[in-house]
Amino acid sequence: GHFGRQILKHLGKGQKWVGKKSALAAKDLAAKGHHGTSKFITGTSQKTSQGIKWAKKKAKKYPKTAAAIGGAAAWDILDND
């Protein structure tokens, strides 16, 4: 339901943010001569993007399970014991 749609919305925003920030970091490092680190950041960003796409597909296919996992994670974060 609604919680599942919210998860998908935030995954999309996170994917966009990771892509932008990692591209900036890779560009700056390449300009400073750290080409290997720049390549590593670019590769990691691509793998992160693939993981987010996978999570979005699974959340669309199994919305109730995604909501349950999201709720369990939120409860774990909020539970101070």
Work out which heavy atom in A26 is nearest to a heavy atom in S38; give both atom names and the distance.
O-OG, 2.9 Å

Distance in Å, H34 NE2 paired with I41 CD1, rounded so as to fall on 0.5 Å steps
10.5 Å

Per the side chain to side chain donor-acceptor pair (under 3.5 Å) rule, what does the pair list look like for residues 48-60, sequence neighbours excluded?
Q15-S49

When every non-hydrogen atom of S45 is compared with those of S22, the smallest separation belongs to OG-OG, 2.9 Å

Roughly how far apart are L24 CG and L29 CG, rounded to 0.5 Å?
11.0 Å

